[in-house]
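The structure under discussion appears below in the form of C-alpha coordinates.
None of these values were measured; they are calculated from a predicted model. Residue numbers start at 1 and run along the sequence shown.
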Amino acid sequence: MKSLELTKTLKATPDRVSRAWTSAEELHAWHCPAGYEVGLAECDPREGGSYRVSMIAPDGSVHIVGGIYLEFTKPSQLRMTWAWEVGGDPAHGSVLTIKLTDNPSGGTDLLLTHDDLETEESLQNHIGGWTGALNNLADFVSQ
(Lines give C-alpha, C1' and ligand atoms only; values in the text may rest on other atoms or scores of the structure.)
Protein backbone atom coordinates (compact mmCIF):
# COMPACT_ATOMS: atom_id res chain seq x y z
CA MET A 1 0.00 0.00 0.00
CA LYS A 2 1.08 3.56 -0.66
CA SER A 3 0.72 6.75 1.38
CA LEU A 4 1.02 10.43 0.70
CA GLU A 5 1.64 13.43 2.93
CA LEU A 6 0.97 17.00 1.92
CA THR A 7 1.38 20.14 3.99
CA LYS A 8 -0.12 23.58 3.55
CA THR A 9 0.05 26.73 5.66
CA LEU A 10 -3.28 28.54 5.65
CA LYS A 11 -4.11 32.13 6.53
CA ALA A 12 -6.92 31.20 8.93
CA THR A 13 -7.30 29.83 12.44
CA PRO A 14 -7.56 26.08 13.11
CA ASP A 15 -11.23 26.62 14.06
CA ARG A 16 -11.91 28.25 10.69
CA VAL A 17 -10.10 25.53 8.75
CA SER A 18 -11.84 22.79 10.76
CA ARG A 19 -15.22 24.30 9.89
CA ALA A 20 -14.30 24.22 6.19
CA TRP A 21 -13.76 20.44 6.49
CA THR A 22 -16.89 19.72 8.55
CA SER A 23 -19.66 21.91 7.09
CA ALA A 24 -21.48 20.58 4.02
CA GLU A 25 -22.03 24.14 2.79
CA GLU A 26 -18.33 24.92 3.09
CA LEU A 27 -17.17 21.59 1.59
CA HIS A 28 -19.35 22.46 -1.39
CA ALA A 29 -17.29 25.62 -1.94
CA TRP A 30 -13.84 24.01 -2.23
CA HIS A 31 -13.59 20.19 -1.91
CA CYS A 32 -12.49 19.23 -5.43
CA PRO A 33 -9.40 19.26 -7.64
CA ALA A 34 -8.53 22.26 -9.80
CA GLY A 35 -10.85 22.53 -12.79
CA TYR A 36 -13.60 20.46 -11.16
CA GLU A 37 -16.70 21.64 -9.32
CA VAL A 38 -18.53 20.14 -6.36
CA GLY A 39 -21.97 18.81 -7.22
CA LEU A 40 -23.04 17.53 -3.81
CA ALA A 41 -21.56 17.71 -0.34
CA GLU A 42 -23.07 15.97 2.70
CA CYS A 43 -21.48 15.40 6.09
CA ASP A 44 -22.27 14.39 9.65
CA PRO A 45 -18.95 15.27 11.35
CA ARG A 46 -18.88 13.02 14.40
CA GLU A 47 -17.22 9.71 15.09
CA GLY A 48 -19.33 7.14 13.22
CA GLY A 49 -20.98 9.83 11.06
CA SER A 50 -20.67 9.77 7.30
CA TYR A 51 -19.80 12.13 4.47
CA ARG A 52 -20.25 12.09 0.70
CA VAL A 53 -18.95 14.48 -1.99
CA SER A 54 -19.53 14.43 -5.73
CA MET A 55 -17.05 16.15 -8.01
CA ILE A 56 -17.78 17.05 -11.63
CA ALA A 57 -14.79 16.90 -13.98
CA PRO A 58 -14.28 19.35 -16.84
CA ASP A 59 -15.42 16.60 -19.26
CA GLY A 60 -18.69 16.24 -17.32
CA SER A 61 -17.85 12.91 -15.68
CA VAL A 62 -18.91 12.60 -12.05
CA HIS A 63 -16.67 11.22 -9.29
CA ILE A 64 -18.30 10.40 -5.95
CA VAL A 65 -16.38 9.69 -2.76
CA GLY A 66 -17.64 8.98 0.72
CA GLY A 67 -16.79 7.39 4.01
CA ILE A 68 -17.13 7.28 7.77
CA TYR A 69 -15.56 9.64 10.30
CA LEU A 70 -13.24 7.58 12.53
CA GLU A 71 -12.08 10.47 14.73
CA PHE A 72 -13.00 14.12 15.14
CA THR A 73 -11.01 16.07 17.71
CA LYS A 74 -12.16 19.62 17.02
CA PRO A 75 -10.32 21.60 15.74
CA SER A 76 -7.05 19.67 15.60
CA GLN A 77 -7.70 16.32 13.90
CA LEU A 78 -10.10 14.62 11.54
CA ARG A 79 -9.70 11.01 10.42
CA MET A 80 -12.02 9.23 8.01
CA THR A 81 -12.33 6.37 5.60
CA TRP A 82 -12.20 7.31 1.91
CA ALA A 83 -13.90 5.14 -0.72
CA TRP A 84 -14.90 5.93 -4.28
CA GLU A 85 -18.49 5.14 -5.20
CA VAL A 86 -18.10 6.41 -8.78
CA GLY A 87 -14.96 7.42 -10.66
CA GLY A 88 -12.45 5.35 -8.71
CA ASP A 89 -12.03 1.83 -7.36
CA PRO A 90 -15.09 1.18 -5.17
CA ALA A 91 -13.63 -2.12 -3.96
CA HIS A 92 -10.72 -0.41 -2.23
CA GLY A 93 -10.95 2.01 0.66
CA SER A 94 -8.25 4.16 2.18
CA VAL A 95 -7.85 6.39 5.23
CA LEU A 96 -7.52 10.17 5.25
CA THR A 97 -6.16 12.12 8.24
CA ILE A 98 -6.16 15.90 8.56
CA LYS A 99 -4.09 17.48 11.36
CA LEU A 100 -4.30 21.20 12.11
CA THR A 101 -1.83 23.07 14.29
CA ASP A 102 -1.35 26.74 15.12
CA ASN A 103 1.30 28.41 13.02
CA PRO A 104 3.41 31.08 14.81
CA SER A 105 2.39 33.58 12.10
CA GLY A 106 -1.22 33.33 13.25
CA GLY A 107 -2.38 30.89 10.60
CA THR A 108 -2.73 27.11 10.54
CA ASP A 109 -0.37 24.37 9.42
CA LEU A 110 -2.33 21.57 7.79
CA LEU A 111 -0.91 18.06 7.40
CA LEU A 112 -2.91 15.77 5.10
CA THR A 113 -2.01 12.08 5.21
CA HIS A 114 -3.75 9.68 2.85
CA ASP A 115 -2.91 6.05 3.69
CA ASP A 116 -3.64 2.70 2.05
CA LEU A 117 -3.66 3.85 -1.57
CA GLU A 118 -3.47 0.71 -3.61
CA THR A 119 -1.40 1.60 -6.70
CA GLU A 120 1.17 4.10 -7.90
CA GLU A 121 -1.45 5.48 -10.31
CA SER A 122 -3.88 6.02 -7.43
CA LEU A 123 -1.13 7.73 -5.42
CA GLN A 124 -0.28 10.09 -8.28
CA ASN A 125 -3.97 10.84 -8.97
CA HIS A 126 -4.55 11.67 -5.29
CA ILE A 127 -1.44 13.87 -5.10
CA GLY A 128 -2.75 15.92 -8.03
CA GLY A 129 -6.31 16.00 -6.70
CA TRP A 130 -5.35 16.94 -3.14
CA THR A 131 -2.88 19.59 -4.28
CA GLY A 132 -5.63 21.33 -6.24
CA ALA A 133 -8.18 20.88 -3.46
CA LEU A 134 -5.82 22.29 -0.81
CA ASN A 135 -5.17 25.32 -3.04
CA ASN A 136 -8.96 25.79 -3.26
CA LEU A 137 -9.18 25.44 0.54
CA ALA A 138 -6.46 28.07 1.06
CA ASP A 139 -8.30 30.53 -1.16
CA PHE A 140 -11.64 29.76 0.50
CA VAL A 141 -10.57 30.18 4.15
CA SER A 142 -8.59 33.35 3.47
CA GLN A 143 -11.66 35.23 2.17
Ala83 to Gly93 - nearest heavy-atom pair and separation: CB-CA, 4.3 Å
Is the shortest side-chain heavy-atom distance between Leu78 and Tyr51 below 4.5 Å? no
If we count only N and O atoms by modelled type, under 3.5 Å, do the side chains of Ser105 and Asn103 hold a donor and an acceptor together? yes
dist Gln124:CD -> Leu117:CG (nearest 0.5 Å) comes out at 10.5 Å
Please work out which of the three classes, parallel, tilted or perpendicular, describes the rings of His63 and Tyr36, given edges at 30° and 60°. tilted
Please tell me if the side chains of Asn135 and Lys8 come closer than 4.5 Å, counting only heavy atoms from C-beta onward. yes
Please find the pair of heavy atoms, one from Pro45 and one from Phe72, that lie closest to each other, and give the distance. O-CD2, 3.1 Å
Decide yes or no for Ile98 and Val17: does some side-chain heavy atom of the first lie under 4.5 Å from some side-chain heavy atom of the second? no
Given the rule that I, L, V, M, F, W and Y join up when any side-chain heavy atoms are under 4.5 Å apart, are Leu4 and Val95 in one cluster? no
Is there a side-chain contact between Lys2 and His126, using heavy atoms and a 4.5 Å cut-off? no
Shortest non-hydrogen separation from Gly39 to His28 and the atoms involved: O-NE2, 3.6 Å
Is the number of heavy atoms from other residues, nucleotides or ligands under 6.0 Å of Glu121 CD greater than 12? no
Return the CG to CG distance between Leu10 and Leu137, rounded to the nearest 0.5 Å. 5.0 Å
Ion pair check, Arg16 and Glu26, cut-off under 4.0 Å: yes
Distance from Arg79 atom CZ to Lys99 atom NZ, nearest 0.5 Å? 9.5 Å
Between Val53 and Met55, is any pair of side-chain heavy atoms under 4.5 Å apart? yes
Check: Thr73/Glu71 side-chain N/O donor and acceptor closer than 3.5 Å: yes
N/O donor-acceptor pair under 3.5 Å between Ser142 side chain and Ala138 backbone: yes
d(Leu96 CG, Leu70 CG) to nearest 0.5 Å is 10.0 Å
Say you draw a straight line from CG of Asp102 to CG of Asp15; how long is it, rounded to the nearest 0.5 Å? 9.0 Å
Exercise: do Ser50 and Asp44 side chains pair donor with acceptor under 3.5 Å: no
Which heavy-atom pair separates Ala41 from Leu27 by the least distance, and what is that distance? CB-CB, 3.9 Å
Is the side chain of Thr108 donor-acceptor paired with the backbone N or O of Leu100 at a distance under 3.5 Å, no angle test? no
Would a distance-only check, ignoring hydrogens and angles, find a side-chain to backbone donor-acceptor pair under 3.5 Å from Ser23 to Ala20? no
Report yes if some heavy atom in the side chain of Met1 is under 4.5 Å from a heavy atom in the side chain of Asp115; otherwise report no. no
Say whether, by atom type as modelled, one donor and one acceptor occur between the side chain of Thr81 and the main chain of Ile68 under 3.5 angstrom. yes
Nearest heavy-atom approach of Asn136 to Cys32 is ND2-O, 2.7 Å
Kindly assign one of parallel, tilted or perpendicular to the pair Trp21 and His31, based on the angle between their ring planes and the thresholds 30° and 60°. perpendicular
State the OG1-CH2 distance between Thr97 and Trp82, to the nearest 0.5 angstrom. 12.5 Å
